[in-house]
Amino acid sequence: MADGASIHLPRILVADTGRGGTSPPPGLDAGILLRNTDLAALIECALSNGTPPAVELDSIRGLGSDDAAVAFLRDKLSIEIMLTRRPQVADAFAAAGGLALLNVLAFDSTGLRRSLHGHPRRERVGTVISPGLVLHHMLPSELALLVRPLVAYGLIDNAGDALATLAVAEGIVVRPEVAQGIAESEALMRGVGLSPA
Amino acid sequence: MTSYIPPTASDFLSRLADAPCCAAIVDGGRLEAALGSRAPAVFVLRGNGLDLSDMIRRVHDSGKLIAVHLDLVDGLKADHWGVTWLARCGVDAVITSHGQLMPVIRNEGVIAIHRLLLSRREHLDTAVTALARSRPHIVEILPGVVLPAINGLLPPLEVPMLAGGFIRTPLDARSVLAAGAIGVTTSSEGLWDLQAAAHG
């Protein structure tokens with residue numbers, strides 16, 4: 001099991017429930033993000049897949065948000081990357097050697113600053129900005145507040161928006177159709193230095 | 001002393017036709033600038049909800065309208081009694097993300113603004129359903145700056161739409177107005193004087 005220092009964050013996380021057999025398009029630096037699913041599907045997906053998926057903890061039905069849940073993800077399922085809106089859970093996941101990404105809501109500039117107050121600001125805890133589409137509308141001073149690595153999540157609905165967002169973020173979360181669109185936009189990908197897998 | 005006549009939602013909307021940008025303020029220090037601008041309304045996003053009378057009087061004395069965000073000001077709970085308090089204080093509009101409070105706000109004779117926070121594509125349908133149920137006078141979409149990009153994903157809304165959040169430049173404002181918003185809420189002072197003629 002990789003520790004936080006060596007965990008690779010894919011540039012593209014393809015959102016999936018784990019029930020549809022989705023796999024990232026070939027040729028992309030991409031992985032799966034399990035979300036909006038249940039504990040059984042999470043276990044099945046984590047144990048059957050060669051690469052452990054990233055997990056959005058708060059949307060997994062049946063899974064708690066405490067130390068036992070964190071230990072289960074890390075020790076039993078070898079999950080390396082976890083998204084959550086709970087700072088203390090992000091902190092615990094990082095302490096257990098994983099890469100945690102704290103979900104920060106960015107609906108306006110003042111709300112963004114308030115959302116960031118709870119960020120643990122420790123090693124191996126990055127930031128998810130929701131909705132991710134606002135990221136390239138932020139001022140440099142606002143981007144500087146965001147703890148890296150930075151993942152944009154939400155309302156990124158086409159390849160153009162995805163690539164524009166990747167210019168300012170380490171990663172994005174998109175639907176499978178959008179990931180496919182990115183894969184088909186190789187020229188655009190070269191334009192922003194998106195490295196192939 | 002003349003008595004103050006509360007505006008209707010139509011009154012509010014007609015003011016936006018001349019000056020589409022409302023001044024969003026988070027502290028009293030920005031109030032002077034807002035009152036000196038063309039902004040037709042002041043949106044209060046922070047402050048002491050139990051001590052608003054002076055601010056409300058000053059806003060009304062300047063000929064502007066005042067909307068208060070029930071969920072964000074200090075001292076109030078987002079419930080029936082919080083709405084009643086703001087109405088008795090004399091605010092023209094109450095903003096909240098709690099759709100179930102829209103009938104309460106309307107019944108108090110105040111303009112009801114339902115704030116919709118959009119973060120995920122899969123939430124859009126749910127948000128629109130909530131809007132149909134709550135029947136506000138006006139909906140405020142956040143983050144408004146993404147409205148042009150998501151316009152094709154958003155089902156037609158049956159209520160007038162404001163856009164707020166990360167709207168900082170005349171180009172941002174023009175884009176969201178072109179995307180269907182009837183007005184903008186912004187803390188960027190440079191936009192408070194934007195004239196309707198300039199955004200066509």
Side-chain angles (χ1 to χ4, degrees), chain A residues 13-17 33 35-37 56 58-59 83 85 103-115 117 128-143 145-146 151-165 168 172-179, chain B residues 22-27 29-30 43-47 69 71-74 95 97 115-127 140-154 162-169 171-173 175-176 179 184-191:
Chain A
L13 289 169
V14 182
D16 187 44
T17 62
L33 170 68
R35 67 168 186 186
N36 298 339
T37 191
E56 185 181 40
D58 309 319
S59 72
L83 285 63
R85 63 176 181 273
N103 194 0
V104 169
L105 297 173
F107 297 116
D108 59 17
S109 52
T110 47
L112 170 67
R113 285 179 166 78
R114 195 167 64 162
S115 292
H117 283 161
V128 173
I129 284 291
S130 295
L133 193 54
V134 301
L135 210 52
H136 58 273
H137 295 284
M138 286 186 184
L139 300 173
S141 59
E142 290 165 342
L143 289 171
L145 296 173
L146 306 178
V151 173
Y153 185 179
L155 301 180
I156 301 170
D157 210 56
N158 59 63
D161 285 340
L163 293 167
T165 305
V168 288
I172 57 173
V173 178
V174 293
R175 294 179 297 116
E177 306 91 289
V178 179
Chain B
C22 301
I25 63 170
V26 294
D27 59 62
R30 308 286 296 283
F43 277 48
V44 179
L45 305 185
R46 297 282 190 279
H69 199 308
D71 309 347
L72 298 181
V73 294
D74 296 332
I95 316 156
S97 298
R115 197 178 227 208
L116 276 189
L117 306 174
L118 303 180
S119 61
R120 306 273 167 84
R121 188 183 206 271
E122 62 268 26
H123 296 168
L124 296 182
D125 286 342
T126 309
E140 184 189 21
I141 300 283
L142 277 88
V145 75
V146 305
L147 187 62
I150 66 165
N151 216 13
L153 306 176
L154 206 56
L162 297 173
F166 296 109
I167 298 171
R168 297 181 166 111
T169 68
L171 179 60
D172 291 339
S175 297
V176 299
V184 167
T185 59
T186 176
S187 58
S188 295
E189 290 186 31
L191 290 180

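Keep in mind that the numbers below use all heavy atoms, side chains included, and drop hydrogens, waters and symmetry copies. To find a chain, count down the sequence lines: A is the first, B the second, and so on, and within it residues start at 1.
- Interface remark: A/Leu139 contributes backbone and side-chain atoms alike to the contact with chain B (heavy atom separation under 4.5 Å).
- Interface residue B/Leu117: backbone and side-chain heavy atoms are both found under 4.5 Å from chain A.
- What you find for A/Asp108 and B/Gly165 is that their closest heavy atoms are CB-CA, 3.7 Å.
- Interface residue B/Ser187: only side-chain heavy atoms are found under 4.5 Å from chain A.
- To the nearest 0.5 Å, the span separating CG on A/Leu105 from CG on B/Leu142 amounts to 11.5 Å.
- Smallest separation of non-hydrogen atoms from B/Leu118 and A/Pro131: O-CG, 3.4 Å.
- Neither the backbone nor the side chain of B/Ile167 comes within less than 4.5 Å of any heavy atom of chain A.
- The side-chain heavy atoms of B/Leu72 and A/Arg114, taken from C-beta on, include a pair separated by under 4.5 Å.
- Rounding to the nearest 0.5 Å places CZ of B/Arg120 at 8.0 Å from CG of A/Asn36.
- For the pair B/Phe166 and A/Phe107, the tightest heavy-atom approach, listed with the atom from each and the gap, is CE1-C, 3.8 Å.
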Open item on the list: For a salt bridge (charged side-chain N to carboxylate O under 4.0 Å, His left out) check, start with the C-alpha distance between B/Arg168 and A/Glu142, then their side-chain angles and the critical distance, and finish with the verdict.
Closed with: CA-CA 13 Å; B/Arg168 297 181 166 111; A/Glu142 290 165 342; 2.2 Å; yes
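- For chain A, the nearby parts of B/Val145 are the backbone and the side chain; heavy atoms of each come within less than 4.5 Å.
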